[in-house]
2 protein chains.
Amino acid sequence: MNTLDKREFHTITELTKEFGISTRTIRFYEDEGLMKPVRRGRTRLFRPTDRRRLMFILRGKRLGFSIADIREIMNMYKEPPGEEGQLRLLIRRINEKREELEQKRLDIDLTIQELDHAEEQSLARLAELGVGT
Amino acid sequence: MNTLDKREFHTITELTKEFGISTRTIRFYEDEGLMKPVRRGRTRLFRPTDRRRLMFILRGKRLGFSIADIREIMNMYKEPPGEEGQLRLLIRRINEKREELEQKRLDIDLTIQELDHAEEQSLARLAELGVGT
DNA sequence: CATTTAATTGACTTTTACGTAAATATCTGA
DNA sequence: TCAGATATTTACGTAAAAGTCAATTAAATG
């Protein structure tokens, strides 16, 4: 791979290797309408945009979002609707999602704090045993 | 409920109401060894410590951790082991979990940024429509 | 051109995290 | 003490998110 890797297409196996997922998983996301790779014959060809979508999906998964959640968030990034009511609805949904994410961040910070505490305990215990780090 | 609510025990339904989950869910967590409420007869009585554990579980869930993950993290908060090898192993695991959490935080920040962007687009669109906020 | 090699499709299976229902037991106030 | 509400146990069911396997098909390569 080149440092200036702006290649047009990726194969499915390239993506499985890059992201450590299976072909089944990628096809599953396509079935769910989260990606639309183009085809050469029957073979899927993934454009940079498909790859970005995949990254987005995996990020969502790491945060514990369901496929449905991810689909919903993706839709928020498309062209905003032209009608006022729809727009206001979209904005409300965006804010809901943001709150959800901010709650997650609080959860993370708390958990990290607790891990820090647990680590300290363990380090203290190690010190008691009279060992260097 | 009192402002100084340090009551000894909670019933299962009190917890379901407080946290918006079902009795089945709570019993499931007990089956999974994540909580050990005491019993009066067959009836479960949840102490403050059980309630705290439940909060911990739900926090883990919000972050997309599996039951197995949560159990593993919980075990990190118990008395650290006495043997050096075990201690070092524990410390390594703690650091792995922390990294995982920090990755999640990065994911969150990215996603929030994108939501911000999507919101701006929508607000701009609204402005175009010549409407006030 | 014959054959590995890589992809696709479709069907069935598995795991996780509960939901649901039935039968039984316990408690509680009238 | 008895009806109605609350809990428990056991067992089976289910939805989401893939995993696995088999049959085809297409592509590439010696």
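Each chain gets a letter, A, B and so on, in the order its sequence line appears, and its residues count up from 1.
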K.L.:
Describe, as an angle rounded to 10 degrees, how the axis at the first end of the helix from C:dC1-D:dG30 to C:dA30-D:dT1 is tilted relative to the axis at the last end, five pairs per end.
P.N.:
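The two end axes of the helix from C:dC1-D:dG30 to C:dA30-D:dT1 meet at 10°.
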K.L.:
What residues in residues 22-39 of chain A put a non-hydrogen atom under 4.0 Å from any atom of DNA chain D?
P.N.:
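Those residues whose heavy atoms fall under 4.0 Å from DNA chain D, taken from residues 22-39 of chain A in numerical order, are A:S22, A:R24, A:T25, A:F28, A:Y29.
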K.L.:
Using a 4.0 Å cut-off to any heavy atom of chain A, which nucleotides of DNA chain D are the first and last in contact, reading 5' to 3'?
P.N.:
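Listing 5' to 3', DNA chain D meets chain A from D:dA17 to D:dA26.
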K.L.:
For B:K97, enumerate each residue passing the salt bridge (charged side-chain N to carboxylate O under 4.0 Å, His left out) test, keeping only those at least two apart in sequence or located in another chain.
P.N.:
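Here the qualifying residues are B:D69, B:E100.
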K.L.:
Is B:K104 salt-bridged to B:D107, cutoff N-O under 4.0 Å?
P.N.:
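The answer is no: the pair does not qualify as a salt bridge.
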K.L.:
Apply side chain to side chain contact (heavy atoms under 4.5 Å, CB included) to A:R52 and list each qualifying residue two or more places apart in sequence or on a separate chain.
P.N.:
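Side chain to side chain contact (heavy atoms under 4.5 Å, CB included) list for A:R52, sorted by chain: A:P48, A:T49, A:M55.
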K.L.:
Is any side-chain N of the basic residue among B:D50 and B:R53 closer than 4.0 Å to the acidic one's carboxylate O?
P.N.:
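No.
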K.L.:
Under the side chain to side chain donor-acceptor pair (under 3.5 Å) test, which residues partner A:T25, sequence neighbours left out?
P.N.:
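Scan of A:T25 (side chain to side chain donor-acceptor pair (under 3.5 Å), adjacent residues dropped) gives A:S22.
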K.L.:
Please, which pairs that meet ring pair (Phe, Tyr, Trp, His ring centres under 6.0 Å) have at least one residue in residues 94-120 of chain A, sequence neighbours excluded?
P.N.:
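As it turns out, there is no ring pair (Phe, Tyr, Trp, His ring centres under 6.0 Å) pair with a partner in residues 94-120 of chain A once direct neighbours are skipped.
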K.L.:
Quick one: list whatever passes salt bridge (charged side-chain N to carboxylate O under 4.0 Å, His left out) with B:R71, sequence neighbours left out.
P.N.:
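With neighbours one apart ignored, the set is B:E32.
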K.L.:
What residue pairs, at least two apart or across chains, pass ring pair (Phe, Tyr, Trp, His ring centres under 6.0 Å) with a residue in residues 86-116 of chain B?
P.N.:
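Passing the test, one end in residues 86-116 of chain B: no pairs.
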K.L.:
Please collect all ring pair (Phe, Tyr, Trp, His ring centres under 6.0 Å) contacts where either partner lies in residues 45-73 of chain A, sequence neighbours excluded, each pair once.
P.N.:
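Qualifying pairs: A:F56-A:Y77.
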K.L.:
What is the distance, rounded to the nearest whole Å, between atom NZ of A:K17 and atom C1' of C:dA6?
P.N.:
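Going from A:K17 (NZ) to C:dA6 (C1'), I get 10 Å.
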K.L.:
Whole Å only: how far is the CZ atom of B:R42 from the C1' atom of C:dT24?
P.N.:
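Going from CZ in B:R42 over to C1' in C:dT24 covers 7 Å.
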K.L.:
List in numerical order all residues of residues 58-78 of chain A for which some heavy atom is under 4.0 Å away from an atom belonging to DNA chain D.
P.N.:
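Contacts with DNA chain D under 4.0 Å: A:K61, A:S66, A:I67.
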K.L.:
Test A:N95 against every option in A:R93, A:R98, A:R92 by the side chain to side chain donor-acceptor pair (under 3.5 Å) rule and name the one that passes.
P.N.:
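Option passing the side chain to side chain donor-acceptor pair (under 3.5 Å) with A:N95: A:R98.
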K.L.:
Heavy-atom distance under 4.5 Å between the side chains of A:F19 and A:E14, does that happen here?
P.N.:
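With C-beta onward as the side chain, the pair stays apart.
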K.L.:
Hey, are A:R125 and B:E79 close enough for a salt bridge, meaning a charged N less than 4.0 Å from a carboxylate O?
P.N.:
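No, no charged N to carboxylate O under 4.0 Å.
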K.L.:
Could you list the residues that satisfy side chain to side chain contact (heavy atoms under 4.5 Å, CB included) with B:L106, not counting sequence neighbours?
P.N.:
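By the side chain to side chain contact (heavy atoms under 4.5 Å, CB included) rule, B:L106 matches B:Q103.
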